[in-house]
Amino acid sequence: MQRYRYNSTLRKALLVDLEAARELMIKVGLEEGFTSHNTILISQLVDQLLNELEKITSAD
């Protein structure tokens, strides 16, 4: 039961972080270009967050 609460809270936090990173990636991409170094770094962060979300989701 405790693990479920932890995963649920972590999932919500990851979703908030994912949405913020995704929005930033789009903003930076529009300003600097979608192949700019900064856009790619943020894209990699989004990938990492998605991987963490997948781990948590598959653990439930």
Side-chain angles (χ1 to χ4, degrees):
M1 188 70 159
Q2 185 68 21
R3 182 177 177 183
Y4 175 76
R5 283 191 207 140
Y6 171 76
N7 283 351
S8 177
T9 303
L10 186 55
R11 183 181 298 117
K12 288 176 187 175
L14 281 170
L15 288 171
V16 169
D17 288 349
L18 258 168
E19 184 61 23
R22 187 185 68 81
E23 288 177 11
L24 180 60
M25 180 179 64
I26 293 168
K27 180 179 183 279
V28 171
L30 289 171
E31 291 174 0
E32 298 182 12
F34 289 102
T35 58
S36 78
H37 180 72
N38 290 328
T39 305
I40 291 170
L41 287 176
I42 299 167
S43 175
Q44 290 171 344
L45 172 63
V46 169
D47 288 342
Q48 291 172 353
L49 291 170
L50 284 169
N51 289 338
E52 283 299 313
L53 183 61
E54 178 61 27
K55 282 183 200 175
I56 302 252
T57 302
S58 63
D60 284 347

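Computed from a prediction, not measured in an experiment: that's the story for all the values here.
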Student: Between Leu14 and Leu10, is there a side-chain heavy-atom distance shorter than 4.5 Å?
Tutor: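 Heavy-atom side-chain distance check passes, below 4.5 Å.
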Student: With rounding to the nearest 0.5 Å, note down the distance linking CG in Leu49 to CZ in Arg22.
Tutor: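 Taking CG in Leu49 and CZ in Arg22, the distance rounds to 12.5 Å.
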Student: With a 3.5 Å distance limit and no angle check, can you tell me whether Thr39 reaches the backbone of Thr35 through a side-chain donor-acceptor pair?
Tutor: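 The answer is no, because no donor-acceptor pair under 3.5 Å joins these two groups.
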Student: If you measure from NZ on Lys12 to CG on Asp17, what distance do you get to the nearest 0.5 Å?
Tutor: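 CG of Asp17 is found 14.5 Å from NZ of Lys12.
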Student: If I take atom CE from residue Met25 and atom CG from residue Leu41, how far apart are they, to the nearest 0.5 angstrom?
Tutor: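 Answer for the CE-CG pair, Met25 versus Leu41, is 12.0 Å.
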Student: With rounding to the nearest 0.5 Å, note down the distance linking CD1 in Ile56 to CG in Asn7.
Tutor: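 Answer rounded to 0.5 Å: 5.0 Å.
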Student: Same cluster for Leu15 and Leu45 if Ile/Leu/Val/Met/Phe/Trp/Tyr side chains link at under 4.5 Å?
Tutor: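 Same cluster.
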Student: Just grab all the side chain to side chain donor-acceptor pair (under 3.5 Å) pairs involving residues 41-54, residues at least two apart or on different chains.
Tutor: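 Residue pairs with at least one partner in residues 41-54: Glu52-Lys55.
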Student: Using 0.5 Å steps for rounding, measure from the CD1 atom of Ile42 to the OG atom of Ser36.
Tutor: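 Atom-to-atom, Ile42:CD1 and Ser36:OG are 7.5 Å apart.
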Student: Might you work through the salt bridge (Lys or Arg N to Asp or Glu O under 4.0 Å) test for Lys27 and Glu31, ending with a clear yes or no?
Tutor: CA-CA 6 Å; Lys27 180 179 183 279; Glu31 291 174 0; 3.3 Å; yes
Student: Is there a path from Ile26 to Val46 through hydrophobic residues (I, L, V, M, F, W, Y) whose side chains come within less than 4.5 Å of each other?
Tutor: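 No; Val46 is not reachable from Ile26 via cluster members.
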